[in-house]
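Only one structure is covered here, and it is reproduced in the block below.
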Amino acid sequence: MALDLLGERQRTHYCGELRESHQGQTVFLAGWVARRRDLGSLVFLDLRDHTGVTQIVCNLEISPEAHEKAEQVRPEYVVGVEGEVVLRDPATVNPQIPTGKVEVQARKLLLLNESRTPPFPIEDEGRMAEETRLRYRYLDLRRSRMQQNIRLRHRASLTVREVLSRHRFVEIETPFLTRSTPEGARDYLVPSRVHHGHFYALPQSPQLFKQILMIGGFDRYFQIVRCFRDEDLRADRQPEFTQIDIEMAFPQRSVLFAIIEELMASLFALVDVQVSRPFPILSYDEAMERYGSDKPHTEFGLEWKRVNLPEGAQEKVRVSCPLKALRVPGWASTNRSQIDKLQETAQAAGADWFSAIKMSGAEPQSSLVKALGEDAVRQLASAAGAQPGDLVILLGLKPGQSAQGPQHRLDEASSEVRLELARKLDLLKSGGWHFLWVVDFPMFDYDDKENRFVAMHHPFTSPREEDLGMLETDPGGVKARAYDLVLNGSEIGGGSIRIHRPDIQRRVFSALGMTPEKARERFGFFLDALEYGTPPHGGIALGFDRIVGLMAGESNIREVIAFPKTASAVDVMCDAPSTVEPEQLEELGLEIKESPVEG
RNA sequence: GGGGACGUAGUUCAGCUGGUUAGAACGCAUGCCUGUCACGCAUGAGGUCGCGGGUUCGAGCCCCGUCGUCCCCGCCA
């Protein structure tokens, strides 16, 4: 097929722009053919770009050349059209598209490029196998959903730069080829050609660099930066993802929170969401107690309370006190199978003991009545705040399970039960935007497998000043000056006030079971830097993909990433990862260990 | 590493209790058509039922294994 050259022609309008006011103008449009409707000596083309669609008429009587070419055109061919904007006959107006009152009468049709038949329709927004979409991502990107999402992402990054620059933050790039830090996530490694046996690591986050920038006198830093973690994927996790990384010197938590809240308000204004400020602040302990989660969805009530079995009842029921109790308003009429499902959920998530009380009518209904008597059960229910017509759910642990681990299991179960109830009661759809700060995280988590404390956030997080004395005596009780930002039950950011004093940094390393030698080996450069006048500093990292995903109403961050990877970390479009030439391995001093052949 | 769902035409999917030649819609090709806009009409092409093995007279369907995709747990300082 003979193709035409674009030559000197320039697009005068986008395909979604023409209106009645353009009547009579000669225009030049360019784009992709979305559809062709061939009526013989009259051919209609729907010409598409990211702004919309304009109908092109190719009439044999008006331009035989244009009509001839229109006959050859197929979907996704790239064409340019020169012609006149004409009003459509009122009977043929298409009210479904913004350009529906006009059409372009083609004088010249330029065939700029052909296209193979696409494997899936571009116009149809129907569901499509993920793998097919990713394999032909260039076609998927043409679809309006991806056009909107990726362009929203662009506007979001502009907003980030605008808001933070206004607050005198400076965008500074940090290295991608850096040093492996064994704590935390698995690193992606890059072998060095110059130094055989040595590896760079791609950063899990620019944590140490941004702290060093504080030491270096850039008192307010930010970066929209790619981070890499070689861990298993999820709907909200990609092996490479983007953070809005922020750090400031001489920080007051309240100042940082206000800036981040302003940033969030500006971002969500892009999708016409008004964010109410300031965001509520909840301590970690309270979040776990009331919601069983450190990232609670606070849109709906359903809060847990601690209740104790009445005196004398403890011997009759094999459960440790206090219990966790949840009042479900007006749900006394629910059926057995619903309660059984909740019990299943609770026990799968780690609760040892489950019971329910129906407050229907005068007498409470519960399997506990037999063991405890009506009065005791009524007492329990009223401790949980139950009113007539309510259901009360009780969760507990086996007797003697008061340690941190089992309590954590109980919290986990209470969170799962709560979320399942919210789904059953259809409480998740109100469309609200509930931001929340969760603060005062524990400094350390006990790792049962490694038999030592590990940093809950990271080892550069400052303990609360009032807890410093407990670093050596009761590490489990030390709270960190760390905070997470939560939106509708999903964690969209986290940060902390950092340690700026070398003596405290040494004590934290030691609490983590790291010898001074080991600390020096891993973080020597950073410990050195800390010795040279480090200002108090702190910051936060926000999950940019997650935020844009929420703004776009997407439940999977792949929908806001142009070229994402599958759940097994494969790029199916370019087929990465791949094997490499033996010469490349040779140059790097690497040898591949063959995987053992299965007998 | 573990659990669940899925894998049939280019795409989305149907395919009963294992039984003749595996179907539909959309898309695609060819022809006709001057007011269509999900154009219409006519004709036609298009299948390694993911892959390998097994059971059976006979497997898209049953069994075992394997690969891939999605979701979840573990993991993600």
Side-chain angles (χ1 to χ4, degrees), chain A residues 34-48 53-62 67 71 74-76 86 88-97 99-100 103 105 115-136 139 181-187 204-205 207-208 227-239 241 348-350 412 416 441-445 447 449-450 452-461 480 482 491 494 496 508-509 512 514 522-523 541 543 555-556 558 565-570 572 598:
Chain A
R35 274 207 164 79
R36 183 180 64 123
R37 290 178 293 280
D38 185 347
L39 278 66
S41 45
L42 198 59
V43 178
F44 296 97
L45 302 179
D46 286 345
L47 192 63
R48 181 199 67 234
V53 164
T54 296
Q55 174 163 282
I56 311 298
V57 206
C58 301
N59 192 324
L60 182 64
E61 288 174 5
I62 289 173
H67 178 267
E71 292 282 342
R74 294 292 179 272
E76 300 314 310
V86 298
R88 298 198 198 181
D89 185 285
T92 63
V93 160
N94 182 354
Q96 288 167 319
I97 55 174
T99 60
E103 61 194 7
Q105 195 124 62
S115 169
R116 286 163 63 179
T117 301
F120 50 82
I122 308 300
E123 303 310 302
D124 185 8
E125 295 293 327
R127 288 178 308 284
M128 186 69 55
E130 287 278 335
E131 201 184 347
T132 314
R133 291 180 56 199
L134 293 180
R135 189 173 303 283
Y136 299 94
L139 296 176
T181 52
E183 299 250 340
R186 211 172 284 116
D187 287 317
Q204 298 170 24
S205 85
Q207 183 60 34
L208 291 178
C227 302
F228 306 85
R229 294 182 189 172
D230 189 0
E231 297 292 347
D232 289 338
L233 276 52
R234 288 282 191 289
D236 60 354
R237 270 162 36 191
Q238 281 277 307
F241 60 100
E412 181 79 12
E416 291 298 321
F441 280 76
M443 184 78 189
F444 306 106
D445 239 356
D447 187 326
K449 276 172 249 161
E450 294 196 39
R452 66 176 183 102
F453 281 101
V454 295
M456 195 155 175
H457 188 54
H458 56 58
F460 314 105
T461 299
E491 181 197 330
S496 61
V508 168
F509 278 149
L512 289 166
M514 213 186 289
R522 289 181 184 174
F523 305 113
S555 53
N556 194 307
R558 280 193 299 267
K565 292 179 177 55
T566 68
S568 57
V570 167
V572 288
E598 304 278 322

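- Here the closest non-hydrogen pair linking A:Pro459 and A:Leu512 is CB-CD1, 3.5 Å.
- Taking only side-chain atoms of A:Asp232, from C-beta outward, the nucleotide of B:U12, B:C75, B:C70 with the closest atom is B:C75.
- Across all strands shown, nothing is found opposite B:A14 as a Watson-Crick or G-U wobble partner with both distances under 3.5 Å.
- Note: A:Phe523 and A:Phe460 have perpendicular aromatic rings, judged against thresholds of 30 and 60 degrees for the angle between ring planes.
- Nucleotide B:U66 forms a Watson-Crick or G-U wobble pair with B:G50, both donor-acceptor distances falling under 3.5 Å.
- Of all heavy-atom pairs between A:Gln204 and A:Gly184, the closest is OE1-C, 4.2 Å.
- For B:U56, there is no paired base (Watson-Crick or G-U wobble, both distances below 3.5 Å).
- Phosphate contact (OP1/OP2 of B:C71, side-chain N/O of A:Arg558, threshold under 4.0 Å): present.
- Here B:A42 sits opposite B:U30 as a Watson-Crick or G-U wobble pair (both hydrogen-bonding atom distances under 3.5 Å).
- Contacts of A:Pro118 with the nucleic acid, taken as non-hydrogen atoms under 4.0 Å apart, are absent.
- Comparing B:A14 with B:A24, their P atoms sit 16 Å apart, to the nearest whole Å.
- Electrostatic pairing of A:Asp232 and A:Arg237 does not count as a salt bridge here, judged by no charged N lying under 4.0 Å from a carboxylate O.
- Side-chain atoms of A:Arg116 stay outside donor-acceptor range of the base of B:G10, with no qualifying N/O pair under 3.5 Å.
- Every residue meeting the side chain to side chain contact (heavy atoms under 4.5 Å, CB included) condition with A:Glu491, not counting sequence neighbours, appears here in chain and number order: A:Lys295, A:Asp484, A:Arg546.
- Checking B:C75, B:C71, B:G27 against every side-chain atom of A:Arg234, the shortest atom distance belongs to B:C75.
- Figure legend. B:A22 is base-paired to no nucleotide; pairs are counted as Watson-Crick or G-U wobble with both atom distances under 3.5 Å.
- Look at B:G35: it lacks any Watson-Crick or wobble partner with both distances under 3.5 angstrom.
- Note on A:Pro121: nothing from the nucleic acid sits closer than 4.0 angstrom, heavy atoms only.
- Residues passing the ring-ring contact (aromatic ring centres under 6.0 Å, His included) test with A:Phe44, sequence neighbours excluded: none.
- Counting non-hydrogen atoms under 4.0 angstrom, A:Ser568 reaches the backbone sugars and phosphates but no base.
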Report summary line: Readout for nucleotides 34-44 of chain B: B = base within 4.0 Å of protein heavy atom, S = sugar-phosphate only, - = neither; 5' to 3' it is BBBBSB-----
